Amino acid sequence: MPFMIGRAPIRRTLNYLNAGKLVLKDKIKVFSVAYNIIGQNNAGAKDFVFWYLPQIQYKNPDVQVATLKNLTPTPFIKCYLEDGKQILVDIDNKSKEEILEHLLHTIGKSKDVLEAEAIAAEKKDNPANFGAGCERACMCEIYGQVPCSGVVTLPKVMRGKYKNAD
């Protein structure tokens, strides 16, 4: 498999991307990380970008994620909100786990909010749903659909058996 080539190919698997913990709040539109690739104070930021940034991008498809390398003496994360405000997080001399935990508490959604969104996404009152436990038991109950073949026989034109029998 060609996607399993390179440094730490596990980062490109769906199981790894789904395991991400950080889901950003809805008001965050841009998430940027600035760090240097050399220096001991940048090691945690570099590891954070390498291991956790793909998960953040996967879990937050509506957020623009930018990385800025070698442009600043100290590493930081800056989040731009939809109302024009900015959140600046200093990540100097922190490990990747410390950075993730800090972001979870400051700009991440809480577990209660995530559970409520998951329940809302699974709503069963969609009128397009049919079957056991739904508003309609069969597709034929919807106006404009073909009636059940158990009640009314389909015309021969609509049955595959007679399609090419001309």
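Only a predicted model underlies this, so the values are computations on that prediction, with no experimental measurement involved. Quick note: numbers below take in every heavy atom, side chains included, and nothing from hydrogens, waters or symmetry partners.
Checked against side-chain contact (heavy atoms from CB on, under 4.5 Å), Ile87 has the following partners two or more places apart in sequence or in another chain: Cys79, Leu81, Val89, Ile107. Evaluation of the side-chain contact (heavy atoms from CB on, under 4.5 Å) rule for Tyr80 yields Val30, Ser32, Lys78, Gln86 as partners, not counting sequence neighbours. A search for side-chain contact (heavy atoms from CB on, under 4.5 Å) contacts involving Asn36 returns Asn42, Asn70, not counting sequence neighbours. The side-chain contact (heavy atoms from CB on, under 4.5 Å) test applied to Asn18 returns Leu14, Tyr58, not counting sequence neighbours.
Within the model, atoms CG of Asn93 and CD of Gln40 stand 8.0 Å from one another, a figure rounded to the nearest 0.5 Å. Here Ile28 contributes atom CD1 and Gln64 contributes atom CD; the two are 13.5 Å apart, rounded to the nearest 0.5 Å. Note that the NZ atom of Lys29 and the CG atom of Asp62 stand 6.5 Å from one another [nearest 0.5 Å]. Atom CD of residue Gln55 and atom CG of residue Leu100 lie 8.0 Å apart, to the nearest 0.5 angstrom.
The minimum heavy-atom distance between Leu22 and Gly108, with the atom names listed, is CD1-CA, 3.8 Å. Taking every heavy atom of both residues into account, Asn41 and Pro73 meet most closely at ND2-O, 3.9 Å.
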Please table the atom pairs, donor to acceptor, closer than 3.5 Å between any side-chain atom in residues 44-54 and protein atoms at least two apart or in another chain.
residue: Lys46; atom: NZ; partner: Ile37; partner atom: O; Å: 3.2

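Under a hydrophobic-cluster definition in which Ile, Leu, Val, Met, Phe, Trp and Tyr are linked whenever side-chain heavy atoms come within less than 4.5 Å, directly or via other members, Leu104 and Val23 are assigned to different clusters.
Applying the salt bridge (charged side-chain N to carboxylate O under 4.0 Å, His left out) test to pairs two or more places apart or on separate chains, none has a residue in residues 83-105. Under the salt bridge (charged side-chain N to carboxylate O under 4.0 Å, His left out) criterion, the residue pairs touching residues 13-26 are Asp26-Lys109, with sequence neighbours excluded.
The shortest side-chain heavy-atom distance between Ile99 and Ile77 falls under the 4.5 Å cut-off.
Crowding of Leu71 atom CG: a count of heavy atoms from other residues, nucleotides or ligands under 6.0 Å exceeding 12.
Residue Leu88 shares its hydrophobic cluster (ILVMFWY side chains chained together at separations under 4.5 Å) with Phe76.
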